[in-house]
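Here is the structure we will look at.
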Amino acid sequence: MESHDGEWSLNELQKLEGHTDRVWSVAWNPATGVAGVPPVLASCSGDKTVRVWEQNPSSSSWFCKAVLDETHTRTVRSCAWSPSGKLLATGSFDATTAIWENVGGDFECVSTLEGHENEVKSVCWNASGSLLATCGRDRSVWIWEVLPGNEFECASVLQGHTQDVKMVQWHPTMDILFSCSYDNTVKIWAEDGDDDWHCVQTLNEANGGHTSTVWALSFNPAGDKVVTCSDDLTIKIWGTDSRKMMSGDGYVPWNHLCTLSGYHDRTIFSVHWSREGIIASGAADDAVRFFVESKDGSVDGPSYKMILRNEKAHDMDVNSVRWSPGENRFLASASDDGTVKIWELVPVI
Amino acid sequence: MTLGLINANPVVHAKKERVARSEDPHADDAVDPLEIYDHVRDIRDPEHPYSLEQLSVLSEESITVDEKLGRILIMFTPTIQHCSMVTVIGLCLREKLKDCFPPHFKVDIKVAPGSHADEESVNKQLNDKERVAAALENPNLRQLVDECLYSSEL
(Lines give C-alpha, C1' and ligand atoms only; values in the text may rest on other atoms or scores of the structure.)
Protein backbone atom coordinates (compact mmCIF):
# COMPACT_ATOMS: atom_id res chain seq x y z
CA MET A 1 0.00 0.00 0.00
CA GLU A 2 1.49 3.32 -1.01
CA SER A 3 2.69 5.34 1.94
CA HIS A 4 3.24 8.67 0.24
CA ASP A 5 0.85 11.21 1.65
CA GLY A 6 1.88 14.11 -0.47
CA GLU A 7 1.52 14.95 -4.11
CA TRP A 8 2.08 12.82 -7.13
CA SER A 9 3.08 13.60 -10.65
CA LEU A 10 2.58 11.64 -13.86
CA ASN A 11 5.56 11.92 -16.18
CA GLU A 12 5.23 11.02 -19.82
CA LEU A 13 8.21 8.82 -20.69
CA GLN A 14 7.40 8.19 -24.32
CA LYS A 15 4.68 8.33 -26.94
CA LEU A 16 4.55 5.24 -29.13
CA GLU A 17 3.35 6.00 -32.63
CA GLY A 18 2.75 3.63 -35.47
CA HIS A 19 -0.86 2.49 -35.38
CA THR A 20 -2.97 4.11 -38.08
CA ASP A 21 -6.26 3.97 -36.23
CA ARG A 22 -7.41 4.14 -32.60
CA VAL A 23 -5.64 1.91 -30.11
CA TRP A 24 -8.10 -0.07 -28.02
CA SER A 25 -5.97 -2.05 -25.56
CA VAL A 26 -2.48 -2.58 -24.21
CA ALA A 27 -1.02 -5.55 -22.37
CA TRP A 28 2.34 -5.91 -20.65
CA ASN A 29 4.13 -9.22 -21.10
CA PRO A 30 4.24 -10.54 -17.50
CA ALA A 31 7.52 -12.40 -18.03
CA THR A 32 9.33 -9.17 -18.90
CA GLY A 33 10.34 -6.07 -16.99
CA VAL A 34 11.94 -8.22 -14.30
CA ALA A 35 15.29 -9.94 -13.78
CA GLY A 36 17.02 -7.92 -16.42
CA VAL A 37 14.54 -8.79 -19.15
CA PRO A 38 13.52 -5.58 -20.96
CA PRO A 39 9.81 -4.81 -20.67
CA VAL A 40 7.57 -5.77 -23.59
CA LEU A 41 4.13 -4.37 -24.33
CA ALA A 42 1.48 -5.31 -26.89
CA SER A 43 -1.09 -2.90 -28.30
CA CYS A 44 -4.04 -3.60 -30.58
CA SER A 45 -5.92 -1.31 -32.89
CA GLY A 46 -8.72 -0.43 -35.27
CA ASP A 47 -6.05 -0.72 -37.97
CA LYS A 48 -6.47 -4.53 -37.66
CA THR A 49 -2.94 -5.03 -36.35
CA VAL A 50 -1.20 -5.72 -33.08
CA ARG A 51 2.11 -4.04 -32.33
CA VAL A 52 4.69 -5.40 -29.92
CA TRP A 53 6.94 -2.82 -28.31
CA GLU A 54 10.14 -3.34 -26.33
CA GLN A 55 12.27 -1.03 -24.26
CA ASN A 56 15.92 -0.77 -25.28
CA PRO A 57 17.86 -1.21 -22.00
CA SER A 58 20.74 1.09 -22.87
CA SER A 59 18.78 4.01 -24.31
CA SER A 60 15.62 3.40 -22.25
CA SER A 61 13.58 4.22 -25.28
CA TRP A 62 10.84 2.04 -26.71
CA PHE A 63 10.77 0.69 -30.23
CA CYS A 64 8.33 -1.37 -32.21
CA LYS A 65 9.62 -4.94 -32.26
CA ALA A 66 6.92 -6.50 -34.39
CA VAL A 67 3.69 -5.79 -36.24
CA LEU A 68 1.23 -8.66 -36.25
CA ASP A 69 -0.81 -8.13 -39.37
CA GLU A 70 -2.55 -9.99 -42.19
CA THR A 71 -4.49 -12.15 -39.79
CA HIS A 72 -7.41 -10.29 -38.33
CA THR A 73 -9.71 -8.83 -40.94
CA ARG A 74 -11.29 -6.24 -38.67
CA THR A 75 -10.47 -4.19 -35.57
CA VAL A 76 -8.37 -5.99 -32.98
CA ARG A 77 -10.11 -5.09 -29.75
CA SER A 78 -8.26 -6.91 -26.99
CA CYS A 79 -4.90 -8.57 -26.35
CA ALA A 80 -3.58 -10.60 -23.45
CA TRP A 81 -0.32 -12.44 -22.79
CA SER A 82 -0.37 -15.86 -21.20
CA PRO A 83 1.13 -15.91 -17.67
CA SER A 84 4.31 -17.51 -19.01
CA GLY A 85 4.64 -14.69 -21.54
CA LYS A 86 5.01 -17.22 -24.34
CA LEU A 87 1.64 -16.73 -26.02
CA LEU A 88 -0.41 -13.69 -26.96
CA ALA A 89 -4.17 -13.95 -27.47
CA THR A 90 -5.88 -11.31 -29.59
CA GLY A 91 -9.65 -10.85 -29.87
CA SER A 92 -11.15 -9.16 -32.90
CA PHE A 93 -14.36 -7.73 -34.34
CA ASP A 94 -13.88 -10.38 -37.05
CA ALA A 95 -15.32 -12.80 -34.45
CA THR A 96 -12.10 -14.77 -34.02
CA THR A 97 -9.44 -15.02 -31.34
CA ALA A 98 -5.91 -15.53 -32.60
CA ILE A 99 -3.13 -17.11 -30.58
CA TRP A 100 0.38 -15.95 -31.38
CA GLU A 101 3.73 -17.41 -30.40
CA ASN A 102 7.13 -15.77 -30.54
CA VAL A 103 9.12 -18.13 -32.76
CA GLY A 104 12.70 -16.95 -32.94
CA GLY A 105 11.84 -13.26 -32.89
CA ASP A 106 8.88 -13.51 -35.23
CA PHE A 107 5.35 -13.76 -34.04
CA GLU A 108 3.38 -16.50 -35.71
CA CYS A 109 -0.31 -17.13 -35.47
CA VAL A 110 -0.41 -20.70 -34.17
CA SER A 111 -4.13 -21.07 -33.63
CA THR A 112 -7.43 -19.38 -34.45
CA LEU A 113 -10.42 -19.83 -32.16
CA GLU A 114 -13.80 -19.58 -33.81
CA GLY A 115 -17.21 -19.79 -32.29
CA HIS A 116 -18.45 -16.34 -31.39
CA GLU A 117 -21.23 -15.19 -33.69
CA ASN A 118 -19.90 -11.68 -33.99
CA GLU A 119 -17.38 -9.24 -32.51
CA VAL A 120 -15.05 -10.58 -29.79
CA LYS A 121 -14.56 -7.85 -27.21
CA SER A 122 -12.16 -9.26 -24.63
CA VAL A 123 -9.70 -12.12 -24.01
CA CYS A 124 -8.14 -13.17 -20.71
CA TRP A 125 -5.97 -16.04 -19.44
CA ASN A 126 -6.45 -17.54 -15.98
CA ALA A 127 -3.62 -17.39 -13.44
CA SER A 128 -2.11 -20.75 -14.38
CA GLY A 129 -2.49 -20.27 -18.13
CA SER A 130 -4.63 -23.40 -18.42
CA LEU A 131 -7.78 -21.56 -19.46
CA LEU A 132 -8.61 -18.68 -21.79
CA ALA A 133 -11.87 -16.73 -21.60
CA THR A 134 -13.40 -14.69 -24.43
CA CYS A 135 -16.61 -12.67 -24.70
CA GLY A 136 -18.46 -10.62 -27.26
CA ARG A 137 -21.48 -8.90 -28.69
CA ASP A 138 -23.26 -12.24 -29.06
CA ARG A 139 -23.82 -11.97 -25.25
CA SER A 140 -21.84 -15.11 -24.51
CA VAL A 141 -18.69 -15.87 -22.56
CA TRP A 142 -16.55 -18.76 -23.79
CA ILE A 143 -14.06 -20.72 -21.73
CA TRP A 144 -11.34 -22.49 -23.67
CA GLU A 145 -9.02 -25.17 -22.32
CA VAL A 146 -5.39 -24.86 -23.31
CA LEU A 147 -4.06 -28.23 -24.48
CA PRO A 148 -0.56 -29.30 -25.49
CA GLY A 149 0.66 -28.30 -28.91
CA ASN A 150 -1.22 -24.99 -28.89
CA GLU A 151 -4.54 -26.73 -29.18
CA PHE A 152 -7.60 -25.07 -27.70
CA GLU A 153 -10.83 -26.79 -26.87
CA CYS A 154 -14.04 -25.08 -25.95
CA ALA A 155 -14.88 -26.10 -22.37
CA SER A 156 -18.02 -24.05 -21.94
CA VAL A 157 -20.25 -21.43 -23.54
CA LEU A 158 -21.82 -19.29 -20.84
CA GLN A 159 -25.14 -17.61 -21.50
CA GLY A 160 -26.71 -15.22 -19.05
CA HIS A 161 -25.86 -11.67 -19.99
CA THR A 162 -28.74 -10.08 -21.86
CA GLN A 163 -26.52 -7.80 -23.92
CA ASP A 164 -23.03 -7.30 -25.38
CA VAL A 165 -20.30 -8.52 -22.98
CA LYS A 166 -17.50 -5.96 -22.81
CA MET A 167 -14.79 -7.64 -20.74
CA VAL A 168 -13.79 -10.84 -19.00
CA GLN A 169 -11.24 -11.11 -16.20
CA TRP A 170 -10.10 -14.13 -14.24
CA HIS A 171 -9.60 -13.84 -10.49
CA PRO A 172 -5.84 -13.52 -9.75
CA THR A 173 -5.56 -16.79 -7.83
CA MET A 174 -8.73 -18.84 -8.26
CA ASP A 175 -10.48 -20.12 -11.36
CA ILE A 176 -13.41 -17.78 -10.96
CA LEU A 177 -14.36 -15.61 -13.93
CA PHE A 178 -15.89 -12.13 -13.90
CA SER A 179 -17.60 -10.59 -16.89
CA CYS A 180 -19.11 -7.13 -17.37
CA SER A 181 -21.65 -5.99 -19.88
CA TYR A 182 -23.78 -3.46 -21.79
CA ASP A 183 -26.62 -4.95 -19.69
CA ASN A 184 -25.20 -2.92 -16.75
CA THR A 185 -24.23 -5.99 -14.72
CA VAL A 186 -21.16 -7.89 -13.65
CA LYS A 187 -21.52 -11.67 -13.59
CA ILE A 188 -19.39 -14.11 -11.67
CA TRP A 189 -18.88 -17.58 -13.08
CA ALA A 190 -17.49 -20.64 -11.31
CA GLU A 191 -17.18 -24.34 -11.90
CA ASP A 192 -18.96 -26.85 -9.69
CA GLY A 193 -16.17 -29.37 -9.79
CA ASP A 194 -17.74 -31.33 -12.60
CA ASP A 195 -16.49 -29.12 -15.40
CA ASP A 196 -19.86 -27.43 -15.26
CA TRP A 197 -19.59 -23.68 -15.33
CA HIS A 198 -22.46 -21.48 -14.26
CA CYS A 199 -23.23 -18.01 -13.02
CA VAL A 200 -22.88 -17.90 -9.24
CA GLN A 201 -23.66 -14.22 -8.74
CA THR A 202 -24.82 -11.14 -10.62
CA LEU A 203 -23.85 -7.67 -9.41
CA ASN A 204 -26.68 -5.48 -10.61
CA GLU A 205 -28.34 -2.22 -9.72
CA ALA A 206 -30.28 -3.87 -6.90
CA ASN A 207 -27.07 -4.70 -5.05
CA GLY A 208 -25.46 -1.31 -5.49
CA GLY A 209 -24.35 -1.91 -9.05
CA HIS A 210 -24.03 0.26 -12.11
CA THR A 211 -26.87 1.96 -13.98
CA SER A 212 -25.29 1.80 -17.41
CA THR A 213 -22.77 -0.25 -19.41
CA VAL A 214 -19.94 -1.67 -17.31
CA TRP A 215 -16.83 -1.37 -19.45
CA ALA A 216 -14.06 -2.88 -17.34
CA LEU A 217 -13.03 -4.46 -14.07
CA SER A 218 -9.79 -5.15 -12.22
CA PHE A 219 -8.81 -7.07 -9.09
CA ASN A 220 -6.62 -5.84 -6.29
CA PRO A 221 -3.42 -7.88 -5.75
CA ALA A 222 -4.90 -9.79 -2.78
CA GLY A 223 -7.89 -10.83 -4.86
CA ASP A 224 -10.41 -9.79 -2.23
CA LYS A 225 -11.53 -6.61 -3.96
CA VAL A 226 -12.54 -5.70 -7.48
CA VAL A 227 -13.02 -2.29 -9.09
CA THR A 228 -15.52 -1.76 -11.92
CA CYS A 229 -16.04 1.26 -14.17
CA SER A 230 -18.99 2.35 -16.21
CA ASP A 231 -20.78 4.60 -18.67
CA ASP A 232 -22.75 5.75 -15.59
CA LEU A 233 -19.68 7.87 -14.74
CA THR A 234 -18.84 6.00 -11.56
CA ILE A 235 -16.21 3.58 -10.37
CA LYS A 236 -17.34 0.99 -7.82
CA ILE A 237 -15.36 -1.13 -5.40
CA TRP A 238 -16.63 -4.55 -4.38
CA GLY A 239 -15.20 -6.96 -1.85
CA THR A 240 -15.49 -10.44 -0.51
CA ASP A 241 -14.43 -12.27 2.62
CA SER A 242 -11.09 -13.60 1.43
CA ARG A 243 -10.55 -16.01 4.31
CA LYS A 244 -13.86 -17.71 3.68
CA MET A 245 -13.11 -17.68 -0.03
CA MET A 246 -9.75 -19.41 0.44
CA SER A 247 -11.23 -22.05 2.73
CA GLY A 248 -13.07 -23.32 -0.32
CA ASP A 249 -16.24 -23.91 1.61
CA GLY A 250 -18.83 -23.04 -0.98
CA TYR A 251 -19.33 -19.81 -2.84
CA VAL A 252 -18.64 -16.56 -0.95
CA PRO A 253 -20.55 -13.58 -2.34
CA TRP A 254 -19.16 -10.23 -3.35
CA ASN A 255 -20.65 -7.04 -1.90
CA HIS A 256 -20.64 -3.41 -2.91
CA LEU A 257 -18.19 -1.46 -0.72
CA CYS A 258 -17.89 1.98 -2.22
CA THR A 259 -18.91 4.15 -5.19
CA LEU A 260 -16.64 6.89 -6.51
CA SER A 261 -18.81 9.45 -8.24
CA GLY A 262 -18.31 13.05 -9.25
CA TYR A 263 -14.78 12.45 -10.51
CA HIS A 264 -15.57 11.65 -14.14
CA ASP A 265 -17.98 13.44 -16.44
CA ARG A 266 -17.71 11.06 -19.37
CA THR A 267 -17.63 7.30 -19.81
CA ILE A 268 -14.84 5.49 -17.99
CA PHE A 269 -13.46 2.83 -20.32
CA SER A 270 -10.72 1.28 -18.24
CA VAL A 271 -9.57 0.69 -14.68
CA HIS A 272 -6.50 -1.15 -13.42
CA TRP A 273 -5.39 -1.85 -9.87
CA SER A 274 -1.64 -1.76 -9.23
CA ARG A 275 0.45 -4.03 -7.01
CA GLU A 276 0.61 -1.25 -4.47
CA GLY A 277 -3.11 -0.56 -4.46
CA ILE A 278 -3.27 2.45 -6.78
CA ILE A 279 -6.29 2.38 -9.10
CA ALA A 280 -5.74 4.00 -12.50
CA SER A 281 -8.70 4.99 -14.69
CA GLY A 282 -8.87 5.98 -18.34
CA ALA A 283 -11.88 7.88 -19.62
CA ALA A 284 -13.62 9.49 -22.57
CA ASP A 285 -12.54 12.94 -21.41
CA ASP A 286 -8.96 12.19 -22.47
CA ALA A 287 -7.85 12.03 -18.84
CA VAL A 288 -6.16 9.48 -16.62
CA ARG A 289 -6.93 9.50 -12.89
CA PHE A 290 -5.48 7.73 -9.87
CA PHE A 291 -7.26 6.64 -6.69
CA VAL A 292 -6.11 5.07 -3.44
CA GLU A 293 -7.87 3.87 -0.35
CA SER A 294 -8.26 6.68 2.07
CA LYS A 295 -7.14 6.25 5.66
CA ASP A 296 -10.28 8.08 6.69
CA GLY A 297 -12.39 5.04 5.98
CA SER A 298 -15.17 4.56 8.51
CA VAL A 299 -16.57 1.40 10.10
CA ASP A 300 -19.07 1.30 7.26
CA GLY A 301 -16.38 0.47 4.80
CA PRO A 302 -13.37 1.80 2.99
CA SER A 303 -13.35 5.10 1.18
CA TYR A 304 -11.17 6.17 -1.68
CA LYS A 305 -9.66 9.45 -2.74
CA MET A 306 -8.28 10.72 -5.99
CA ILE A 307 -4.57 11.46 -5.75
CA LEU A 308 -4.01 12.76 -9.27
CA ARG A 309 -5.75 13.67 -12.48
CA ASN A 310 -3.85 14.15 -15.69
CA GLU A 311 -6.35 16.07 -17.80
CA LYS A 312 -4.86 15.92 -21.25
CA ALA A 313 -3.15 12.55 -21.02
CA HIS A 314 -4.11 12.03 -24.67
CA ASP A 315 -5.67 14.11 -27.45
CA MET A 316 -8.71 11.86 -27.48
CA ASP A 317 -10.49 9.21 -25.41
CA VAL A 318 -8.33 6.94 -23.27
CA ASN A 319 -9.45 3.36 -23.93
CA SER A 320 -7.09 1.36 -21.77
CA VAL A 321 -4.71 1.88 -18.84
CA ARG A 322 -2.35 -0.83 -17.57
CA TRP A 323 0.23 -0.88 -14.84
CA SER A 324 3.52 -2.54 -15.67
CA PRO A 325 4.16 -5.84 -13.88
CA GLY A 326 7.68 -4.77 -12.91
CA GLU A 327 9.01 -3.18 -9.76
CA ASN A 328 8.19 0.32 -10.92
CA ARG A 329 5.22 2.63 -11.33
CA PHE A 330 5.07 2.53 -15.11
CA LEU A 331 1.68 2.83 -16.73
CA ALA A 332 0.75 2.30 -20.37
CA SER A 333 -2.28 4.01 -21.89
CA ALA A 334 -3.99 3.57 -25.24
CA SER A 335 -6.14 6.14 -27.01
CA ASP A 336 -8.44 7.01 -29.89
CA ASP A 337 -5.64 9.35 -30.96
CA GLY A 338 -3.78 6.30 -32.30
CA THR A 339 -0.97 6.40 -29.77
CA VAL A 340 0.21 4.44 -26.77
CA LYS A 341 1.93 6.36 -24.01
CA ILE A 342 4.29 5.12 -21.33
CA TRP A 343 4.13 7.03 -18.08
CA GLU A 344 5.75 6.95 -14.70
CA LEU A 345 3.84 7.93 -11.58
CA VAL A 346 6.27 9.59 -9.17
CA PRO A 347 5.83 10.99 -5.70
CA VAL A 348 6.62 14.68 -5.43
CA ILE A 349 8.73 15.38 -2.40
CA MET B 1 -45.19 1.95 -54.84
CA THR B 2 -43.63 2.35 -51.43
CA LEU B 3 -44.19 -1.19 -50.21
CA GLY B 4 -42.53 -2.40 -47.04
CA LEU B 5 -41.29 0.97 -45.81
CA ILE B 6 -41.82 1.59 -42.14
CA ASN B 7 -43.04 5.10 -42.73
CA ALA B 8 -44.46 5.14 -46.20
CA ASN B 9 -45.72 8.71 -46.21
CA PRO B 10 -43.28 11.05 -44.54
CA VAL B 11 -43.97 14.73 -44.39
CA VAL B 12 -41.57 16.52 -46.70
CA HIS B 13 -40.60 20.13 -46.23
CA ALA B 14 -39.01 22.59 -48.58
CA LYS B 15 -35.28 23.00 -48.25
CA LYS B 16 -34.36 26.00 -46.19
CA GLU B 17 -32.50 28.72 -48.03
CA ARG B 18 -28.75 28.42 -47.59
CA VAL B 19 -26.94 31.41 -46.17
CA ALA B 20 -23.41 31.93 -47.42
CA ARG B 21 -21.13 31.67 -44.42
CA SER B 22 -18.13 33.94 -44.43
CA GLU B 23 -14.73 32.36 -44.59
CA ASP B 24 -13.04 33.58 -41.45
CA PRO B 25 -9.40 32.39 -41.47
CA HIS B 26 -9.03 33.15 -37.78
CA ALA B 27 -11.95 31.00 -36.77
CA ASP B 28 -10.22 27.69 -37.52
CA ASP B 29 -10.62 26.36 -34.04
CA ALA B 30 -14.08 27.72 -33.49
CA VAL B 31 -16.78 25.17 -34.04
CA ASP B 32 -19.86 26.76 -35.52
CA PRO B 33 -23.10 24.82 -35.05
CA LEU B 34 -24.40 26.18 -38.33
CA GLU B 35 -21.33 24.90 -40.13
CA ILE B 36 -21.90 21.49 -38.63
CA TYR B 37 -25.51 21.68 -39.75
CA ASP B 38 -24.37 22.44 -43.29
CA HIS B 39 -22.38 19.21 -43.23
CA VAL B 40 -25.32 17.07 -42.20
CA ARG B 41 -28.46 18.68 -43.55
CA ASP B 42 -28.20 16.95 -46.94
CA ILE B 43 -27.62 13.45 -45.64
CA ARG B 44 -30.23 11.34 -47.33
CA ASP B 45 -32.71 9.51 -45.19
CA PRO B 46 -32.07 5.74 -45.26
CA GLU B 47 -35.62 5.03 -46.39
CA HIS B 48 -36.83 7.96 -48.44
CA PRO B 49 -35.30 9.93 -51.29
CA TYR B 50 -35.21 13.12 -49.26
CA SER B 51 -32.65 14.77 -47.03
CA LEU B 52 -32.82 14.72 -43.26
CA GLU B 53 -33.55 18.45 -43.42
CA GLN B 54 -36.44 18.03 -45.83
CA LEU B 55 -37.99 15.44 -43.54
CA SER B 56 -37.43 17.70 -40.52
CA VAL B 57 -35.30 15.00 -38.94
CA LEU B 58 -32.71 17.72 -38.54
CA SER B 59 -32.94 21.47 -38.26
CA GLU B 60 -30.51 24.23 -37.33
CA GLU B 61 -31.67 23.88 -33.74
CA SER B 62 -30.57 20.23 -33.74
CA ILE B 63 -26.99 21.19 -33.12
CA THR B 64 -25.60 22.70 -29.95
CA VAL B 65 -21.93 23.33 -29.31
CA ASP B 66 -20.17 23.98 -26.03
CA GLU B 67 -16.84 25.43 -27.12
CA LYS B 68 -15.42 25.58 -23.64
CA LEU B 69 -16.01 21.94 -22.78
CA GLY B 70 -15.47 20.80 -26.36
CA ARG B 71 -18.86 19.13 -26.71
CA ILE B 72 -21.27 18.85 -29.62
CA LEU B 73 -24.81 17.62 -29.08
CA ILE B 74 -27.01 16.60 -31.98
CA MET B 75 -30.67 15.91 -31.34
CA PHE B 76 -32.61 14.54 -34.25
CA THR B 77 -36.27 13.73 -34.65
CA PRO B 78 -37.09 10.46 -36.41
CA THR B 79 -40.12 10.69 -38.67
CA ILE B 80 -42.12 8.20 -36.61
CA GLN B 81 -42.05 6.84 -33.04
CA HIS B 82 -41.06 3.32 -34.01
CA CYS B 83 -38.47 4.21 -36.59
CA SER B 84 -35.98 1.38 -36.81
CA MET B 85 -33.57 3.43 -38.88
CA VAL B 86 -32.51 5.63 -35.98
CA THR B 87 -29.23 3.81 -35.52
CA VAL B 88 -28.42 4.14 -39.21
CA ILE B 89 -29.10 7.87 -39.05
CA GLY B 90 -26.79 8.06 -36.03
CA LEU B 91 -24.07 6.22 -37.93
CA CYS B 92 -24.46 8.58 -40.89
CA LEU B 93 -24.13 11.61 -38.65
CA ARG B 94 -20.98 10.31 -36.98
CA GLU B 95 -19.37 9.22 -40.21
CA LYS B 96 -20.13 12.51 -41.96
CA LEU B 97 -18.78 14.57 -39.10
CA LYS B 98 -15.73 12.57 -38.16
CA ASP B 99 -13.17 14.98 -39.62
CA CYS B 100 -15.14 18.18 -39.17
CA PHE B 101 -13.88 19.47 -35.87
CA PRO B 102 -10.78 19.35 -33.63
CA PRO B 103 -10.09 15.81 -32.33
CA HIS B 104 -10.73 16.56 -28.68
CA PHE B 105 -14.37 17.47 -29.35
CA LYS B 106 -16.90 14.94 -28.13
CA VAL B 107 -20.07 14.28 -30.06
CA ASP B 108 -23.24 13.05 -28.41
CA ILE B 109 -26.16 12.06 -30.60
CA LYS B 110 -29.65 11.63 -29.21
CA VAL B 111 -33.19 11.46 -30.42
CA ALA B 112 -35.26 14.48 -29.45
CA PRO B 113 -37.04 13.81 -26.13
CA GLY B 114 -40.35 12.08 -26.68
CA SER B 115 -39.68 11.40 -30.36
CA HIS B 116 -39.07 7.67 -30.13
CA ALA B 117 -40.70 4.79 -28.31
CA ASP B 118 -37.37 3.31 -27.19
CA GLU B 119 -35.66 6.62 -26.51
CA GLU B 120 -33.36 5.45 -23.71
CA SER B 121 -32.26 2.28 -25.41
CA VAL B 122 -31.72 4.04 -28.73
CA ASN B 123 -29.69 6.83 -27.13
CA LYS B 124 -27.51 4.26 -25.38
CA GLN B 125 -26.74 2.49 -28.62
CA LEU B 126 -26.12 5.71 -30.53
CA ASN B 127 -23.44 6.70 -28.03
CA ASP B 128 -21.61 3.42 -27.46
CA LYS B 129 -18.53 4.10 -29.53
CA GLU B 130 -17.51 0.45 -29.65
CA ARG B 131 -20.89 -0.50 -31.13
CA VAL B 132 -20.62 2.41 -33.57
CA ALA B 133 -17.12 1.35 -34.65
CA ALA B 134 -18.17 -2.26 -35.14
CA ALA B 135 -21.30 -1.25 -37.05
CA LEU B 136 -19.28 0.88 -39.45
CA GLU B 137 -17.07 -2.15 -40.15
CA ASN B 138 -20.11 -4.18 -41.14
CA PRO B 139 -20.16 -4.14 -44.95
CA ASN B 140 -23.95 -4.07 -45.27
CA LEU B 141 -24.40 -1.20 -42.86
CA ARG B 142 -21.40 0.54 -44.37
CA GLN B 143 -22.96 0.39 -47.79
CA LEU B 144 -26.23 1.82 -46.53
CA VAL B 145 -24.39 4.63 -44.74
CA ASP B 146 -22.36 5.42 -47.86
CA GLU B 147 -25.53 5.60 -49.93
CA CYS B 148 -27.01 8.09 -47.48
CA LEU B 149 -23.89 10.21 -47.46
CA TYR B 150 -22.87 10.14 -51.06
CA SER B 151 -26.05 9.94 -53.12
CA SER B 152 -26.16 12.71 -55.66
CA GLU B 153 -27.31 16.21 -54.80
CA LEU B 154 -31.07 16.42 -54.35
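These numbers come from a predicted model, not from an experiment.
B/Glu137 is not listed as a side-chain neighbour of A/Thr73, based on a closest heavy-atom distance of 4.5 Å or more. Between A/Asp164 and B/Glu130 the shortest side-chain heavy-atom distance falls below 4.5 Å.
Heavy-atom minimum distance, A/Arg22 versus B/Ala133: NH1-CB, 3.5 Å. Between A/Ser212 and B/Lys124 the shortest heavy-atom distance is OG-CE, 3.8 Å.
The distance from the CG atom of A/Asp265 to the CG atom of B/Leu69 is 7.0 Å, given to the nearest 0.5 Å. For the atom pair CD of B/Gln125 and CD of A/Gln163, the computed distance is 8.0 Å after rounding to the nearest 0.5 Å.
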Step-by-step salt bridge (charged side-chain N to carboxylate O under 4.0 Å, His left out) determination, B/Arg131 to A/Glu119 = CA-CA 10 Å; B/Arg131 295 287 285 264; A/Glu119 299 93 61; 5.8 Å; no

Can you check salt bridge (charged side-chain N to carboxylate O under 4.0 Å, His left out) on A/Asp286 and B/Lys106, steps first, answer last?
-> CA-CA 10 Å; A/Asp286 315 344; B/Lys106 311 296 177 186; 2.5 Å; yes

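Using a 4.0 Å cut-off between charged side-chain N and carboxylate O, A/Asp231 and B/Lys129 make no salt bridge.
For chain B, the option among A/His314, A/Arg266, A/Lys312 with the highest count of heavy-atom pairs below 4.5 Å is A/Arg266. Chosen from A/Trp215, A/Phe93, A/Tyr182, A/Phe269, the residue pairing most often with chain B at heavy-atom distances under 4.5 Å is A/Tyr182. Between chain B and the residues A/Asp94, A/Asp317, A/Asp285, A/Asn319, the largest count of heavy-atom pairs under 4.5 Å involves A/Asp317.
For chain A, no part of B/Glu120 is nearby; none of its heavy atoms comes within less than 4.5 Å. Interface residue B/Asp108: only side-chain heavy atoms are found under 4.5 Å from chain A.
Of the candidates A/Lys166, A/Lys121, A/Arg137, B/Asp128 forms a salt bridge (charged side-chain N to carboxylate O under 4.0 Å, His left out) with just one, namely A/Lys166.
Within a 6.0 Å sphere centred on CD of A/Glu311, other residues, nucleotides and ligands contribute 12 heavy atoms or fewer.
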